[in-house]
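The shown structure was predicted, so the numbers you read here are calculated from the model rather than taken from an experiment. Letters A, B, ... mirror the listed sequences (proteins, then strands); counts begin at 1.
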Amino acid sequence: MYNFTKIEKKWQKRWEENKTFSVNEDLNKKKFYALVEFPYPSGHGLHVGHVKAYTGLEVLSRKRRMEGYNVLFPIGFDAFGLPTENYAIKNKLHPRMVAENNIAMFLSQIKRIGYSFDYERLFSTTDESYYKWTQWIFLKLYEKGLAFRSKTLVNYCPSCKVVLSNEDSQNGKCDICHNQVIQKEKEVWYLRITEYAEKLLEGLNDLECSSSIKLQQENWIGKSVGAFVDFKVENDKLKVYTTRPDTLFGVTFMVIAPEHDIIEKYKDKISNIEEIYKYKDITKKKTEFERINLTKEKTGIKIEGISAINPINNKEIPIYVADYVMMGYGTGAIMAVPAHDTRDYEFAKKFNIEIIKVIESETDEIFDGDGKHINSDFINDLNNEEAINKMIDYLEKNKIGEKGIQYKIKDWAFNRQRYWGEPIPIVHCDSCGHVPVPYEDLPIKLPEVENYEPGKNGESPLASISSFVNCKCPKCGKDAKRETDTMPQWAGSSWYYLRYTDPRNDKELASKDKLNYWLPVDCYNGGMEHVTRHLIYSRFWHRFLYDNGLVPYKEPYLKRTNQGLILGPDGEKMSKSKGNVVDPMDIVEGFGADTLRLFILFLGEYGMDSVWNDESIKGISRFLDKIYNMKDKIINSEEYTKSLENKINKTIKKVTFDIEDAKYNTAISELMILSNEYSKLDNITSKDYITLIKLLNPFAPHLTEEVNEMLGYKEIAYSNWPEYDESKMIDDTYEMIIQINGKIRGKETISTNTSKEEMERIAKENVNVKKYLEDSIIQKVIVIQNKIVNIVIKYK
RNA sequence: GCUCGUAUGGCGGAAUUGGUAGACGCGAUAGACUCAAAAUCUAUUUCUUGAAAGAGAGUUUCGGUUCAAGUCCGAAUACGAGCACCA
């Protein structure tokens with residue numbers, strides 16, 4: 001085996017010393033901005049998933065540089081966050097130290113794999129010079145009313161002692177420690193992402209990505225179109241939201257969420273108020289997770305003493321309280337149509353409520369499909385869509401309702417009651433209220449302290465540091481207190497790709513010129529797990545910055561790709577508890593970085609999950625060895641070997657396009673095929689060899705630079721990508737396939753562009769085919785030039 | 001429950017977008033080299049049958065469209081992912 005360790009370290013050192021991959025803006029060159037999700041530097045070092053994520057765009061970046069692009073391929077670290085802090089607390093270390101150590105380890109591993117990142121632009125979200133601008137963006141959001149405080153029920157993780165956003169507590173579990181999340185009433189910071197729901201949805205049109213990425217984001221935003229309808233309750237209007245206003249004639253009851261304020265308002269009139277309070281109490285104790293999962297059995301209580309009037313027919317209907325209606329969506333009250341809604345149906349069955357059919361169907365059970373309306377006065381005989389439109393018209397004309405749009409996305413709970421995050425730059429003043437820190441006072445630095453363990457009662461540890469908390473109000477100058485919550489993990493990663501364009505700027509988050517030059521990100525690769533969090537958050541921030549003239553383009557990313565997971569050798573997701581985690585650095589040690597890079601891309605289709613299989617590493621290692629040993633067979637010539645010219649040109653084309661399409665596995669196999677062709681020869685011209693070496697360079701940069709240098713050529717990193725010549729790729733002959741009734745019965749080698757008539761004639765002359773034709777009648781002959789002849793016959 | 005994705009030899013996976021299924025790699029078998037092993041090289045390798053030419057079957061299952069289907073359409077099964085009482 002060739003001495004990969006020596007060769008790889010040699011080239012890594014050279015790249016570092018020469019700053020080979022550092023870029024500057026160059027208006028004469030076409031730019032290409034390739035972005036990988038920057039890592040969270042955990043204590044475990046690089047994971048094979050990181051390697052897969054980075055190697056894909058690494059290959060593309062190296063190729064694009066050779067093609068003459070000015071390539072920005074940056075890396076940084078997303079180092080604020082709970083895991084670091086928890087680890088620090090456990091081991092009695094300072095989080096900053098833990099983060100710094102982890103970053104150093106990550107960086108040395110990343111460099112050892114030979115990635116062509118621009119290390120000159122490196123930063124961490126924990127750098128004061130970076131989070132200054134994270135705070136700056138927060139102040140802008142605050143200024144525009146998009147950051148606000150609100151006292152509501154929040155998702156709270158009792159184990160991490162933090163408030164979590166909706167995105168971070170999916171399935172009722174804390175995303176960090178996986179413990180059960182509880183609901184707690186607390187005044188916290190929110191970002192008004194809901195105001196951007198429509199823009200985020202619309203922006204998806206400009207994003208090139210797989211349909212599943214798009215769909216997931218669409219579902220997360222969760223737009224629905226329907227109507228608000230006002231029901232009369234006593235002297236009040238009780239507003240409901242429905243996507244099915246066409247079923248208004250089938251409403252037989254109403255349901256409100258237990259937290260709905262109409263209960264308080266009419267508590268004197270409600271005769272069973274005690275019972276309802278009790279129900280409300282029970283609901284409160286259930287987590288949202290439980291409420292959602294108790295789908296089998298509906299619970300609820302009829303409110304005695306008040307009732308509602310259906311505005312469409314003035315029918316009096318009962319009102320129920322039930323926890324299957326949520327306060328957080330729509331108006332917290334619904335009109336129930338048991339005949340055409342599953343949940344209402346279940347509830348009506350249990351409580352024996354009348355069911356009125358308003359859409360014709362064969363079933364007597366619930367029906368939620370499209371159909372002819374009945375029992376519905378002026379919308380009878382219409383189908384759903386027509387009925388909905390006509391009903392909305394009617395509601396608006398009679399001022400009893402209006403068209404409405406709702407989104408499932410909720411405002412972003414933007415706070416953590418923890419030490420290791422960006423301080424929120426707000427001051428609380430008794431006379432002025434919430435006062436933003438003046439821009440020139442940024443950054444509000446994290447104080448260096450001894451004790452950063454979470455405080456009691458869900459307070460940030462910063463709250464107990466008086467030197468941090470006590471300050472003067474920037475507005476009136478009186479004594480005031482600093483906000484002690486910090487920003488959530490996702491803050492720093494919401495705009496890092498902007499900072500890469502101008503990472504050392506201390507006047508603005510990045511200069512206009514540089515943003516103009518580099519943006520948008522041409523290709524952003526990352527994991528599927530970030531589609532509904534990071535991707536939505538960063539698109540939101542970006543769109544906000546755009547709306548305020550701070551960035552030049554609406555959307556941050558032109559194209560998003562995602563790599564599939566690498567599963568453990570057992571086919572299961574890698575995890576420490578299962579003991580199936582593979583350390584990529586073991587492969588680097590045993591086989592070299594080049595082998596690791598090739599191997600990971602060769603596992604399978606890039607966007608799909610693939611299973612780790614040590615066995616096939618050998619194949620890659622053999623391949624690279626062969627390439628290395630081939631250097632001894634080289635004869636000096638600037639011509640392709642005549643017999644290989646066709647194959648070489650085809651390979652250049654195939655590899656060129658495969659890399660663009662992220663089909664790295666087939667690109668590698670194509671290179672193997674070509675190298676197998678070379679192996680058969682006694683001599684290889686230097687032109688043949690160098691062409692293969694250059695095509696292989698983005699995948700295996702160390703080995704290829706080494707042999708290239710041995711032959712005395714200039715560094716591949718500074719040379720050009722091979723070009724192909726279509727005219728050299730034309731085959732003189734090809735193998736024509738002859739089918740009888742669609743089954744292959746013969747093959748004939750004939751010259752390219754043989755006429756259809758001639759093809760048919762040759763086909764019929766084929767010895768094997770003749771046998772079939774003897775006892776049959778030809779019904780039809782299909783001839784596809786340069787491909788196939790299919791003779792359709794019938795036996796006599 | 002809803003939405004989306006996937007299913008191809010012993011294994012990882014290819015397939016010009018409807019036109020030779022199984023490229024490439026692993027593994028396996030046989031041979032060469034070697035005292036021997038490793039490494040390397042050479043040949044074979046979807047299954048059945050046949051000495052061979054060939055024949056039959058074959059891309060999860062069932063059905064359809066087509067001269068022609070791994071590829072398109074309909075249904076089913078399994079696995080995976082996302083959302084989940086969203087009115």
Take atom [atom1] in [N] and the same atom in [M], then report the distance between them in whole Å.
N     : M     : atom1 : value
B/C47 : B/A37 : P     : 28 Å
B/A30 : B/U65 : C1'   : 47 Å
B/G18 : B/C72 : P     : 8 Å

Tell me whether the side-chain N/O atoms of [X] come closer than 4.0 Å to OP1 or OP2 in [N].
X        : N     : answer
A/Lys743 : B/C67 : no
A/Lys618 : B/C26 : no
A/Tyr329 : B/A87 : yes
A/Tyr772 : B/A55 : yes
A/Arg622 : B/U40 : yes
A/Asn676 : B/G25 : yes

Mutual orientation of the aromatic rings belonging to A/Phe253 and A/Phe347 [parallel < 30°, tilted 30-60°, perpendicular > 60°]:
parallel
Are the side chain of A/Asn766 and the backbone of A/Gly746 linked by a donor-acceptor contact shorter than 3.5 Å?
no
Please check this pair: side chain of A/Asn310 against backbone of A/Leu248, looking for a donor-acceptor N/O pair closer than 3.5 Å.
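Answer holds: yes.
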Enter syn or anti for the glycosidic conformation of B/U17, syn applying to angles within 90° of 0.
syn
Can you tell me whether the base of B/G50 sits syn or anti, using the 90° cut around 0 to define syn?
anti
Please report, rounded to the nearest Å, how far the P atom of B/A53 is from the NZ atom of A/Lys771.
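In whole Å, B/A53 P and A/Lys771 NZ are 12 Å from each other.
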Can you tell me how far P of B/G54 sits from NZ of A/Lys747, to the nearest Å?
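Whole-Å distance recorded here is 9 Å.
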Lys NZ or Arg CZ of A/Lys408 over A/Tyr329 ring: under 6.0 Å, within 45°:
no
